[in-house]
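Throughout, a chain's letter reflects where its sequence line sits, starting with A, and its residues are numbered from 1.
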There are 2 protein chains.
Amino acid sequence: MAKPEQTIFYNIEESIKSYRQFAQKNINDEGYDITIDQGLILNIIQENPGISQKEISRRAFKDHASITRIIELLVKRDFLKRDFNSEDRRRFDLSLTEFGKDTLTKIEPIVDLNRKNAIEGVSVEEMELLKNILQKITANCRTKG
Amino acid sequence: MAKPEQTIFYNIEESIKSYRQFAQKNINDEGYDITIDQGLILNIIQENPGISQKEISRRAFKDHASITRIIELLVKRDFLKRDFNSEDRRRFDLSLTEFGKDTLTKIEPIVDLNRKNAIEGVSVEEMELLKNILQKITANCRTKG
DNA sequence: CAAATATAATTGATATATCACTTATATGCA
DNA sequence: TGCATATAAGTGATATATCAATTATATTTG
């Protein structure tokens, strides 16, 4: 087997883990007790009123079981409100609480800055290339899987 | 906040998750009950006799607590043998059992094929570019973190 | 040498990932 | 209408990630 360190998958893992660590640290350092995944889910819900958990799971690229549990936590921590959907009783209406909205508003600039800092020195063309290649890999894994 | 789906980090997450899913499925389909992380750790140990858990954690880009637990599992499942190190009693000597060696030998061609298939259609130049850009992102996150 | 410090590994707590299975409800079709 | 099937979400089991604190041992230094 080729040495794992020499494969591109190692670099991909390394970069995304570095980013997650970096992003989480900057949020914690500002005094917010929320994970980047939780923030991501809050953002998706706020931007897509009426969204189903299934659709959140697709957008966040997470398993629906994970979404169930993250939402549970978000409700427990009072970031999120969950009401039954009157039209489809299998579903729930998710909405941010005032505290959730407030927190999201405050962490958004941190998240934006994190992203900006992480890609500093990478040109627009490089970003396009990077995106295209990654999408090619994703497509390979999906079609062959 | 910019839409998460439009950031490069989304593409990175998407590609690495697709790859992991694809790779794991192909190993399971061949009848092996081992995770790709466990296989990775076995490979690192086999290729680096006498390696410490600390060093494994650095190479596998995993937290040392994760390594402790993965190794625990590998021992429990009889893939790995763990003896006290006579020179430094804080450390352990890790080595693959016959079953571990055998399993690794058998999954290696699958792993190689997985990697090959996942990057099909990506040129050598593109791979170099991809690697360089990812390393730039990693470096940004580390130096700014 | 003894105390301070550093290092290797473990543990506990919490969060997330993934799979398979289940439950509840909705929808489509005979 | 009534049953088969599809869909939304939850649950249980297991694996992994991360942080902080702890334990055991080694090394450094006064």
Subject >> Listed once per pair and sorted, the salt bridge (Lys or Arg N to Asp or Glu O under 4.0 Å) pairs that draw on residues 56-69 of chain A, sequence neighbours left out >> reply: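 Listed once each, the pairs are D37(A)-K62(A), E55(A)-R58(A), E55(A)-R59(A), R59(A)-E5(B).
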Nearest to the side chain of [X], heavy atoms from C-beta on, is which of [options]?
X      : options                   : answer
S66(A) : dT16(D), dT18(C), dA9(D)  : dT18(C)
Q21(B) : dA17(D), dC19(C), dT16(C) : dC19(C)
F92(B) : dT11(D), dA8(C), dT10(C)  : dT10(C)
T35(B) : dA26(C), dT16(D), dA9(C)  : dT16(D)

Subject >> E30(B) and K106(B) ion-paired at < 4.0 Å >> reply: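 No, E30(B) and K106(B) are not salt-bridged.
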Original post:
Looking at residues at least two apart in the chain, or sitting in another chain, which of them share a side-chain contact (heavy atoms from CB on, under 4.5 Å) with L129(A)?
Top reply: I133(A), L129(B)
**OP:** Kindly write out the residues that satisfy side-chain contact (heavy atoms from CB on, under 4.5 Å) with K81(B), not counting sequence neighbours, or none if the list is empty.
**Re:** D83(B), S95(B), T97(B)
All N/O contacts under 3.5 Å from nucleotides 20-22 of chain C to the protein, with atom names and distances to one decimal?
none

Original post:
Is any side-chain heavy atom of I36(B) closer than 4.5 Å to a side-chain heavy atom of R20(B)?
Top reply: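 Yes, side chains in contact.
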Whether [X] side chain and [Y] backbone form a donor-acceptor pair below 3.5 Å:
X       : Y       : answer
Q24(A)  : I34(A)  : yes
K136(B) : G121(A) : yes
N140(B) : E120(A) : yes

What's [X] touching, base or sugar-phosphate or nothing? Going by heavy atoms closer than 4.0 Å.
X      : answer
I70(A) : sugar-phosphate
E87(A) : sugar-phosphate
E72(A) : sugar-phosphate

If the cut-off is 4.0 Å, is [X] near the phosphate of [N], judged by side-chain N/O to OP1 or OP2?
X      : N       : result
Q53(B) : dT10(C) : yes
K17(A) : dA17(D) : yes
K62(B) : dA17(D) : yes
T68(B) : dT10(C) : yes

Original post:
Is there a donor N/O on one and an acceptor N/O on the other, under 3.5 Å, for the side chain of R82(B) and the base of dT10(C)?
Top reply: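 Not at all, since no donor on one side and acceptor on the other fall under 3.5 Å apart.
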Original post:
Does the dG12(D) base have a donor-acceptor partner in the side chain of R69(A) within less than 3.5 Å?
Top reply: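 Flag set: donor-acceptor pair detected.
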Separation of [N] [atom2] from [X] [atom1] (nearest whole Å):
X      : N       : atom1 : atom2 : value
R89(B) : dA8(C)  : CZ    : C1'   : 13 Å
R20(A) : dA17(D) : CZ    : P     : 11 Å
L73(A) : dT11(D) : CG    : P     : 13 Å
N85(A) : dA9(D)  : CG    : P     : 9 Å
N26(A) : dT18(D) : CG    : P     : 15 Å
I56(A) : dA9(D)  : CD1   : C1'   : 12 Å
K25(A) : dC19(D) : NZ    : C1'   : 13 Å
D33(A) : dC19(D) : CG    : C1'   : 12 Å

Original post:
Atom CG in L134(A), atom CD1 in I12(A): separation rounded to 0.5 Å?
Top reply: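 Taking CG in L134(A) and CD1 in I12(A), the distance rounds to 5.5 Å.
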**OP:** Mind checking the CD1-CD1 spacing from I56(A) to I44(A)? Nearest 0.5 Å is all I need.
**Re:**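 The CD1 atom of I44(A) is 7.0 Å from CD1 of I56(A), to the nearest 0.5 Å.
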Between protein and nucleotides 2-6 of chain D, what N or O pairs are separated by less than 3.5 Å?
none

**OP:** Report the residues that fulfil ring-ring contact (aromatic ring centres under 6.0 Å, His included) with F61(A), sequence neighbours left out, ordered by chain and then residue number.
**Re:** none
Original post:
Want to settle it: does R91(A) or Q38(B) sit nearer the 5' end of DNA chain D, counting the closest nucleotide to each?
Top reply: R91(A)
**OP:** Would you mind telling me which residue lines up with the more 5' stretch of DNA chain C, I67(A) or S86(A), judged by nearest nucleotide?
**Re:** I67(A)
